[in-house]
Amino acid sequence: MAIQETAVTDPSLCECLAVGERTRLLCHQILSTIEGNGATDLSDDDRITRSRTHKLLNALMAQLKGLHRAAIMSAREAKETTSEVRREVDRLHLQLQNLYYEQRHLRGEINACREFPHKYTLLPLISEEEFLTSHPQHQQVDSRNLMIARLNNEKAVREDLEKQRKELLMKKQSLIAENKKRKEDLASLDEQLKKFSTYPINLSPRMIELADQCVQLRFVVPLFTTLYFDILTISQSSRPIQTTFQKDY
């Protein structure tokens, strides 16, 4: 069977194949000569030719063995080189797999950081359009600086509202204290009125009606004060009580 020359491209292997082909042809030639002569005796020239052919065959066999040995050594070297390259490829492949794993891990961490529920995402901020409308100087900034500006604006607004809340709370406490003081004054006036109502003083019907209204309504403080001082004046005056009330009212 003829071997295609294009199947092997290595020079040493091509030489080995060429020597093998020459040896094969020489063997066929020798066999043909032996079959042609048969059992007849050979002449001296035929013996010399056969001897030269055998020597050439031995030389080709020796060359073929050397080439075969060289091919085996070359194959071993190629296997060692291939093993080294394979180990290097495996190492690079393992390194690539590690890089892929690290990439997936880092992408997962990045996505987790992006999806992390930060506190500022839960704040009831005003919309971006409203903020840009009220603060046009932030029209050209990036998203990060825009969010920082929105947070700073929200902080300022909340601090202002907190300040107003504290002021209103202080005002409320002062009003509560003032209301409590007025309630105490009204209670004191009620007690004074009850005491004076037990005295045998001849009050006019108009004065009694005003006193009853003041006790029931409890919101006309100046009238209580005027009434209290009028009663004190009446109690300390030597003039008739009926005359004093009729003059004042």
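Owing to the predicted nature of the structure, the values given are computational and were not obtained by experimental measurement.
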What verdict does the salt bridge (charged side-chain N to carboxylate O under 4.0 Å, His left out) test give for Arg182 and Glu178, after you've listed the backbone C-alpha separation in whole Å, the side-chain angles of each residue and the deciding distance to 0.1 Å? CA-CA 6 Å; Arg182 290 186 177 182; Glu178 184 178 356; 2.9 Å; yes

Kindly determine whether Gln173 and Leu169 satisfy side-chain contact (heavy atoms from CB on, under 4.5 Å), including the steps that lead there. CA-CA 6 Å; Gln173 292 176 352; Leu169 182 60; 3.9 Å; yes

Step-by-step side-chain contact (heavy atoms from CB on, under 4.5 Å) determination, Lys163 to Glu159: CA-CA 6 Å; Lys163 182 178 179 181; Glu159 287 178 351; over 6 Å; no

Test log, rule side-chain contact (heavy atoms from CB on, under 4.5 Å), inputs Ser83 and Arg87: CA-CA 6 Å; Ser83 299; Arg87 286 193 294 269; 3.7 Å; yes

Using salt bridge (charged side-chain N to carboxylate O under 4.0 Å, His left out), reason through Glu80 and Arg76 one step at a time and then give a plain yes or no. CA-CA 6 Å; Glu80 292 178 358; Arg76 289 180 180 177; over 6 Å; no

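Asp160 contributes no side-chain N or O that, together with a main-chain N or O of Ala156, makes up a donor-acceptor pair within less than 3.5 Å. For Asn179 (side chain) and Leu175 (main-chain N/O), no donor-acceptor pair under 3.5 Å exists by modelled atom type. The main-chain N or O of Ala78 is found under 3.5 Å from a side-chain atom of Thr82 such that the two form a donor-acceptor pair. Side chain of Ser74 to main chain of Ala70: no donor-acceptor pair is present (N/O by atom type, distance under 3.5 Å, no hydrogens or angles).
For the pairing with Arg150, the side-chain contact (heavy atoms from CB on, under 4.5 Å) check across Lys155, His138, Glu128, Glu130 returns one residue only, Glu128.
Side-chain atoms of Arg22 and Leu26, non-hydrogen and from C-beta on, never get closer than 4.5 Å to each other. Residues Gln63 and Glu15 meet the side-chain proximity criterion, which asks for heavy atoms closer than 4.5 Å. Side-chain contact between Val89 and Val85: present, with at least one pair of heavy atoms (C-beta onward) separated by less than 4.5 Å.
Atom NE2 of His93 and atom OH of Tyr100 lie 9.5 Å apart (nearest 0.5 Å). Taken to the nearest 0.5 Å, the CD atom of Glu77 stands 7.0 Å off from the OG1 atom of Thr81. Here the CZ atom belonging to Arg158 is positioned 10.0 Å from the CG atom belonging to Leu151, to the nearest 0.5 angstrom. Atoms CG and OG1, on Leu56 and Thr49 in that order, are 12.0 Å from each other to the nearest 0.5 Å. Rounding to the nearest 0.5 Å gives a distance of 11.0 Å between OG1 of Thr53 and CG of Asn58. The NE2 atom of His68 sits 11.0 Å away from the NZ atom of Lys65 when rounded to the nearest 0.5 Å.
Transitive grouping of hydrophobic side chains (ILVMFWY, heavy atoms separated by less than 4.5 Å) keeps Leu132 and Met147 in distinct clusters. Follow the hydrophobic side-chain contacts under 4.5 Å out from Val141 and you reach Ile126 in the same cluster. Each of Leu146 and Leu125 belongs to its own hydrophobic cluster when Ile, Leu, Val, Met, Phe, Trp and Tyr are linked at side-chain heavy-atom distances under 4.5 angstrom.
The 12-atom threshold is exceeded at NE2 of His135, counting heavy atoms of other residues, nucleotides or ligands nearer than 6.0 Å. Applying the 6.0 Å contact sphere to CZ of Arg91 captures more than 12 heavy atoms from other residues, nucleotides or ligands.
Of all heavy-atom pairs between Cys27 and Leu57, the closest is SG-CD1, 3.5 Å. Closest heavy-atom contact between Asn153 and Phe131: CB-CE1, 3.6 Å.
In this structure, Glu162 pairs ionically with Arg165, as a charged nitrogen and a carboxylate oxygen lie closer than 4.0 Å. With respect to Glu21 and Arg24, a salt bridge is recorded, a charged nitrogen being found less than 4.0 Å from a carboxylate O.
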